[in-house]
Protein chains: 2
Amino acid sequence: MKLSTRSTYGLRAMMAVAMDGSSGPVMVKEIAERHQLPANYLEQIMTPLRKGGLLAATRGAHGGYKLARAAQEITVREILETLEGSLELVECNEVACCGMQPDLCAVKDLLCEASRAMVEVLAQVTLADIVERQREKEAVSSALMYVI
Amino acid sequence: MKLSTRSTYGLRAMMAVAMDGSSGPVMVKEIAERHQLPANYLEQIMTPLRKGGLLAATRGAHGGYKLARAAQEITVREILETLEGSLELVECNEVACCGMQPDLCAVKDLLCEASRAMVEVLAQVTLADIVERQREKEAVSSALMYVI
DNA sequence: CAATAACATACTAAACTGATAGGAAAACAT
DNA sequence: ATGTTTTCCTATCAGTTTAGTATGTTATTG
C-alpha cells in the first residue's frame with residue numbers, strides 16, 4: 001500500500017514549483033538537483049501533471065514549469081489522483097460485484113467507506129496549505145538550529 | 001491503489017470460514033468452488049492467515065480451516081494488514097525523512113493522517129460485523145427476489 | 001545560428017501479481 | 001497397515017508495474 005516514488009516525487013516537484021515559482025518558471029534540472037532526484041525520471045513525471053492541467057510548461061532557454069492554477073486551487077487529492085489514478089481500494093462506483101449475487105458487498109461497502117475517509121483528508125488540503133505548513137516546519141527547524 | 005486479489009480473496013475466505021464454520025472446519029476446496037476462486041492460489045493465501053494467527057488448520061480427511069479466535073476479536077484491519085503488510089501510504093514511524101532536512105515532512109504528515117483515517121475505519125469493524133452486515137444484505141436481497 | 005530546456009520514445013533490470021503444478025506430511029477410515 | 005483426504009510446501013511462469021537510463025526531437029531565447 002505504499003505510495004509509489006512516482007507519486008512522492010511528483011508531490012515534491014509540485015511543492016518545489018509552488019515554493020520557487022515566484023521568480024519565473026522552475027526547471028526540472030533545478031528540482032532534481034535540489035531534491036536529489038533523477039532528472040530524466042522526474043521529467044517523465046511532469047508530463048501527466050502537465051496533461052492533467054496542474055502544471056504549465058514553457059520550453060526553450062529560461063523555460064520551465066509553473067503552476068497552471070493558483071496553489072489554493074490545487075488539492076493534494078488532485079495531484080495524487082493525477083499521478084496514481086483512483087486512490088480507492090476498490091471500484092466504489094461499480095454496481096455489480098462478484099457476479100450476480102452481492103457476495104462481497106458488505107466488504108466492498110466497508111472498503112469504500114475506508115478509502116473515502118482517506119481521500120476526504122487529502123481533498124481538504126491544498127498545495128498552498130502544504131507549502132505553508134512546510135515553511136512553518138522549516139522556520140521552527142532553523143530557529144532550533146540557532147539555539148543549539 | 002487498488003487492493004490486490006490476494007487481499008480480497010483472503011477477506012472472502014475469512015468471511016466464508018466465519019459463516020460456514022459452525023459445522024466443523026471449512027475446506028479450501030469448498031470456498032474455492034463456492035466463490036469461483038483458484039483453489040491452489042487460495043491455499044497460498046491461507047498460509048499467511050494461519051501464520052498470522054487468524055486461522056487454525058486441521059489436516060487430513062475432514063480437515064480444513066476454522067477461525068483461530070472469535071469473529072468479534074478479529075478486525076478487518078488485522079486481516080488486511082496480515083495479507084497486505086502495512087496499509088499506510090508512507091512509513092509513518094520513520095523519524096528521518098528525505099535525508100537530513102525534513103523536506104517532504106509536511107507532505108508526509110498529511111499522508112500519515114490520511115492513511116490513519118482509513119485504517120481507523122477498518123480497525124473499528126470486526127469479522128463478526130461484516131458477517132452480520134452480509135447476512136442482512138442477503139436477507140434483503142432474497143426478500144426482494146421473492147417480491148419480484 | 002547556437003544554446004537551452006521541455007518533449008517524446010525506447011529500452012532495461014528488478015520486483016510484484018496472479019496464477020499453475022506437483023509432491024510431502026498429517027490425519028482419518030477401512 | 002493402507003489408501004484416501006486435505007493441508008502444507010516449493011518451484012515455476014507469464015504478464016505487468018516500477019524505477020530508472022539513454023537518446024534524440026522540438027520549441028524558445030539571445
Side-chain angles (χ1 to χ4, degrees), chain A residues 1-14 16-17 20-21 23-52 54-68 80 83-86 89-90, chain B residues 1-13 16-17 20-21 23-68 80 83-86 89-90:
Chain A
M1 286 289 303
K2 294 285 163 290
L3 221 53
S4 59
T5 62
R6 176 189 171 85
S7 292
T8 57
Y9 289 3
L11 217 41
R12 281 211 228 182
M14 287 294 293
V17 171
D20 305 340
S23 53
V26 185
M27 291 187 296
V28 167
K29 207 177 156 188
E30 286 179 61
I31 302 172
E33 271 171 17
R34 189 161 312 163
H35 290 82
Q36 314 253 58
L37 306 176
N40 278 341
Y41 186 37
L42 194 52
E43 260 180 10
Q44 289 176 39
I45 297 171
M46 302 309 261
T47 303
L49 292 172
R50 178 175 48 87
K51 291 190 176 165
L54 299 181
L55 289 178
T58 52
R59 295 214 220 180
H62 303 113
Y65 287 93
K66 62 186 183 68
L67 299 183
L80 288 181
L83 292 166
E84 198 81 7
S86 162
L89 295 174
V90 290
Chain B
M1 285 291 301
K2 293 286 162 291
L3 222 51
S4 59
T5 62
R6 176 188 170 86
S7 291
T8 59
Y9 290 2
L11 216 41
R12 282 211 228 180
V17 172
D20 305 341
S23 53
V26 185
M27 289 187 297
V28 167
K29 207 176 156 190
E30 287 178 60
I31 303 173
E33 271 171 17
R34 189 161 312 163
H35 290 82
Q36 314 253 57
L37 305 176
N40 278 341
Y41 186 37
L42 193 53
E43 261 179 11
Q44 287 176 39
I45 297 172
M46 302 311 260
T47 304
L49 291 172
R50 178 177 48 87
K51 291 190 175 165
L54 300 181
L55 290 177
T58 52
R59 294 211 217 181
H62 304 115
Y65 287 94
K66 63 185 183 68
L67 298 182
L80 288 181
L83 293 166
E84 198 81 9
S86 163
L89 296 174
V90 290

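Residue numbers start from 1 in every chain, and the chains themselves are labelled A, B, ... in the order their sequence lines are given, proteins ahead of strands. Computed from a predicted structure; not experimentally measured.
Legend: residues meeting side-chain hydrogen bond (donor to acceptor under 3.5 Å, both in side chains) with B:Glu84, ordered by chain and number and at least two apart, are B:Ser4, B:Ser7. Residues satisfying the side-chain contact (heavy atoms from CB on, under 4.5 Å) test with A:Ala56, not counting sequence neighbours, are A:Lys66, A:Ala68. A search for side-chain hydrogen bond (donor to acceptor under 3.5 Å, both in side chains) contacts involving A:Lys2 returns B:Ser86, not counting sequence neighbours.
Bracketed by its first and final contacts, the part of DNA chain C lying under 4.0 Å from non-hydrogen atoms of chain A reaches from C:dT4 to C:dA10 in 5' to 3' order.
Residues A:Met14 and A:Leu55 meet the side-chain proximity criterion, which asks for heavy atoms closer than 4.5 Å. Taking 4.5 Å as the limit, some side-chain heavy atom of A:Arg34 sits within range of a side-chain heavy atom of A:Asp20.
Using modelled atom types, no side-chain atom of B:Arg6 and backbone atom of B:Ile45 make a donor-acceptor pair closer than 3.5 Å. Judged by distance alone, with hydrogens and angles left aside, the side-chain atoms of B:Gln44 form no donor-acceptor pair with the main-chain N or O of B:Tyr41 at under 3.5 Å.
A:Leu49 approaches A:Gly10 most closely through the heavy-atom pair CD1-O, 4.1 Å. Shown here for A:Val28 and A:Tyr65, the closest heavy-atom pair between the two residues is CG2-CE1, 3.5 Å.
For B:Leu42 and D:dT7, the CG to C1' distance is 12 Å, given to the nearest whole Å. Regarding B:Ile45, its CD1 atom lies at a distance of 14 Å from the P atom of D:dC8, rounded to whole Å.
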Quick test: give all pairs of protein nitrogen or oxygen and nucleotides 13-16 of chain D nitrogen or oxygen below 3.5 Å, distance rounded to 0.1 Å.
none

Sugar-phosphate or base contact per nucleotide [nucleotides 18-30 of chain D; S, B, -; heavy atom under 4.0 Å]: -BBBBB--BBBSS

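Note: B:Glu43 CD to B:Lys29 NZ = 11.0 Å, rounded to the nearest 0.5 Å.
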